[in-house]
Amino acid sequence: MNKNRIEVIQGDITKSEVDAIVNAANTSLLGGGGVDGAIHMAAGSALLAECRTLNGCPTGEAKITRGYRLPAKHVIHTPGPRWRDGEHGEPELLASCYRNCLRVAAENHCATVDFPSISTGVYHFPLEQAAEIAIRTIAETLEHYSSIRRVRMVCFDARTQKAYEKALEAL
Ligand code: ADP
């Protein structure tokens with residue numbers, strides 16, 4: 001059962017010792033605030049130099065780089081949707097982020113993948129809905145990728161952790 005391969009923890013994703021962490025990036029891939037800023041700060045300027053070669057990334061898609069000074073081997077960058085009113089494809093785009101990140105992870109032989117709560121920070125996606133979409137999409141996508149051993153949602157605060165735990169229990 002895929003549920004056994006999904007975990008929810010509270011923590012700082014820049015400390016994750018995994019094959020790949022996911023960055024809730026913006027479409028420029030040139031850094032920003034929140035988790036994006038924290039990842040670039042911890043990885044060092046070589047990460048930004050590699051990101052400059054990628055020519056950005058559309059919302060919902062994903063591109064991989066090395067992890068540089070991070071304990072994670074790779075960073076998978078995905079721009080989440082900015083919440084407007086829910087009528088502009090936001091749920092589908094958020095699901096695409098999780099799906100494409102896991103595809104890119106599998107293609108690059110990453111067996112352990114850590115995600116932050118994509119879009120629920122400055123992009124204001126409603127937390128409970130985001131958690132439900134994230135957990136459901138991860139569980140569905142893992143059906144296709146037996147090489148991915150463990151996926152964790154790394155939640156920065158207790159409220160976020162509770163929302164993802166609830167979504168996982170409801171699965
Ligand atoms: P977005 O623009 O996709 O909303 P944010 O970075 O603003 O991205 O927020 C996404 C989530 O990442 C929020 O829950 C925020 O609290 C969280 N976050 C911020 N820093 C870290 C970190 N170092 N590790 C894990 N999560 C983080």
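Atoms within each ligand, like the ligands themselves, are counted from 1 in listed order.
- Side chains of Tyr98 and Thr141: no donor on one and acceptor on the other come within 3.5 Å.
- In this structure, a donor-acceptor pair under 3.5 Å is absent between the side chains of Ser147 and His109.
- Closest approach of Glu169 to Lys3, counting heavy atoms only: O-NZ, 3.4 Å.
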Does ligand 1 have any N/O pairs with the protein under 3.5 Å, and how far apart?
unit_1: ligand 1; atom_1: 3 (O); unit_2: Ser119; atom_2: N; d: 2.8
unit_1: ligand 1; atom_1: 4 (O); unit_2: Gly121; atom_2: N; d: 2.8
unit_1: ligand 1; atom_1: 4 (O); unit_2: Val122; atom_2: N; d: 3.3
unit_1: ligand 1; atom_1: 4 (O); unit_2: Tyr123; atom_2: N; d: 3.1
unit_1: ligand 1; atom_1: 6 (O); unit_2: Val35; atom_2: N; d: 2.8
unit_1: ligand 1; atom_1: 7 (O); unit_2: Val122; atom_2: N; d: 2.9
unit_1: ligand 1; atom_1: 23 (N); unit_2: Asp12; atom_2: OD1; d: 2.9
unit_1: ligand 1; atom_1: 24 (N); unit_2: Ile13; atom_2: N; d: 3.0

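- Checking Asn2 against Glu143 by side-chain atom types alone, a donor-acceptor pair falls below 3.5 Å.
- Under the side chain to side chain contact (heavy atoms under 4.5 Å, CB included) test applied with Cys57, the options Asn100, Leu29, Thr78, Thr27 reduce to a single match, Leu29.
- Note: Trp83 and Tyr123 fail the aromatic proximity criterion, with ring centroids not under 6.0 Å apart.
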